Amino acid sequence: MGARYAVFGHPVAHSLSPRIHAEFARQVGIAMEYVAIDATAEDFAAAISSFAAVGGLGANVTLPHKERALALCAHASERARRAGAANTLIREGNEWIGDNTDGIGLVHDLTERRRLDLRGRRVLLLGAGGAARGVAPALLDAGIAELWIVNRTADKADALSDALGEPDRVHTRYPADLPDIGAFDMIINATSAGRDSGGLALPFSLAGTRCLAVDLSYGEAAISFLAWAGAAGCEHRFDGLGMLVEQAAESFARWHGQRPDTDPVFAMLSAKADALQTAD
Ligand code: NDP
């Protein structure tokens, strides 16, 4: 039995992370176990302790535990602290160290895989939950010109804006203001509306010329936003599968000191997703 790793979430059975990390481990020749552990909010802290007690060395954390995960950490990276959430835990001695690889995962996917330049873009971020908090600092670091945050619960958009501490570049608006805030070069759907409901009602006026639209969800959950983006004339449209593989690679690098090649894993998962859609 190799070293132990896991992804914690609720629900988590659908997670692609065990398959992604198994492929990375095979690629670099590391023996490791990586399993999905379902834990409710009440059980999360105890589940993490039990995992440490049986030799767990690292964990990914997904919805809805990322904030809770950060709170359990003795130390955290600057990007995890800025996000207020951890998606990666690293065991050092008797302590957990927290990191957040979501933002760099998105930026890598867009700049390295898709070869897009994010600098100077006027960006609309829909949502202010864990994923939005993870990607916002990384987008600012990547050189975007403006970040407009719009969330159903306005207080959370304001809290994210305050935490980012860049009043010149970061602005918030109510969803009702969407028809009046102009056109964007990049629109990111960081809500879970596509999973839980019929999606978002967005005006086409949001899409500027050569607009890039990204849904952080993937598969069926991304369909309604990406269909809207197509109808609105967005030039580039991507779901969150590339980000998922890239954030996993960053976590893997934190644990094992080597960054795997993400291209074959992304190609494998994309081919599977296409086959599933064709089969529908
Ligand atoms: P959270 O539960 O933390 O946040 C959900 C967000 O969606 C909140 O802003 C919430 O608004 C908003 N929302 C939910 N339902 C609706 C609705 N019907 N209308 C408008 N807004 C809505 O989830 P996460 O931020 O962790 O995840 C968001 C999405 O990103 C998920 O689909 C997840 O799968 C994806 N994701 C993808 C990753 C990747 O690697 N590709 C990584 C992380 C997440 P409110 O505040 O008002 O509740």
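This is a predicted model, so every value here is computed, not measured. Whatever order the structure lists them in is the order used to number ligands and atoms, beginning at 1. The first residue in the sequence is number 1, and the count goes up from there.
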Quick test: of every protein heavy atom, which one is nearest to [atom], and how far off is it to 0.1 Å?
| atom | result |
| --- | --- |
| atom 34 (O) of ligand 1 | Arg195 NH1, 2.9 Å |
| atom 11 (O) of ligand 1 | Asn151 OD1, 3.2 Å |
| atom 28 (C) of ligand 1 | Ala190 O, 3.5 Å |
| atom 18 (N) of ligand 1 | Ser197 OG, 3.2 Å |
| atom 4 (O) of ligand 1 | Gly129 CA, 3.5 Å |

Please work out whether any backbone atom (N, CA, C, O) or any side-chain heavy atom from C-beta onward of [X] is under 4.0 Å from ligand 1, and answer side chain, backbone, both or neither.
| X | value |
| --- | --- |
| Thr62 | neither |
| Leu63 | side chain |
| Arg152 | both |
| Thr153 | both |

For the [atom1] atom of [X] and the [atom2] atom of [Y], what is their distance to the nearest 0.5 Å?
| X | Y | atom1 | atom2 | result |
| --- | --- | --- | --- | --- |
| Ile188 | Leu106 | CD1 | CG | 5.5 Å |
| Leu147 | Leu124 | CG | CG | 8.5 Å |
| Leu126 | Arg152 | CG | CZ | 12.5 Å |
| Lys66 | Leu89 | NZ | CG | 11.5 Å |

Return yes when [X] approaches ligand 1 closer than 4.0 angstrom through a heavy atom, no otherwise.
| X | result |
| --- | --- |
| Lys66 | yes |
| Pro64 | no |
| Gly105 | no |

Using modelled atom types and a 3.5 Å cut-off, is there a donor and acceptor pairing between side-chain atoms of Arg122 and backbone atoms of Ala183?
yes
Please indicate whether any nitrogen or oxygen in [X] is less than 3.5 Å from any nitrogen or oxygen in ligand 1.
| X | result |
| --- | --- |
| Leu216 | yes |
| Ser192 | yes |
| Leu241 | no |
| Gly240 | yes |
| Gly130 | yes |

[X]/[Y] ion pair, N-O < 4.0 Å:
| X | Y | answer |
| --- | --- | --- |
| Glu42 | Arg68 | no |
| Asp185 | Arg210 | no |
| Arg4 | Glu33 | yes |
| Arg26 | Glu23 | yes |

Can a cation-pi geometry be assigned to Arg121 and Phe184, taking NZ or CZ under 6.0 Å from the six-membered ring centre and within 45° of the ring axis?
no
Between Trp148 and Arg173, is there a cation-pi geometry (under 6.0 Å to ring centre, at most 45° from the normal)?
no
Which of the numbered atoms in ligand 1 are below 4.0 angstrom from a heavy atom of Lys156?
45 (P), 46 (O), 48 (O)
Nearest non-hydrogen atom to atom 20 (C) of ligand 1 belongs to which of Thr191, Asp215, Val214, Leu200?
Leu200
Heavy atoms only: which of Ser217, Ala221, Gly242, Ala131 is nearest to atom 31 (C) of ligand 1?
Ser217
Indicate, with yes or no, if the rings of Phe252 and Trp255 have centres closer together than 6.0 Å.
no
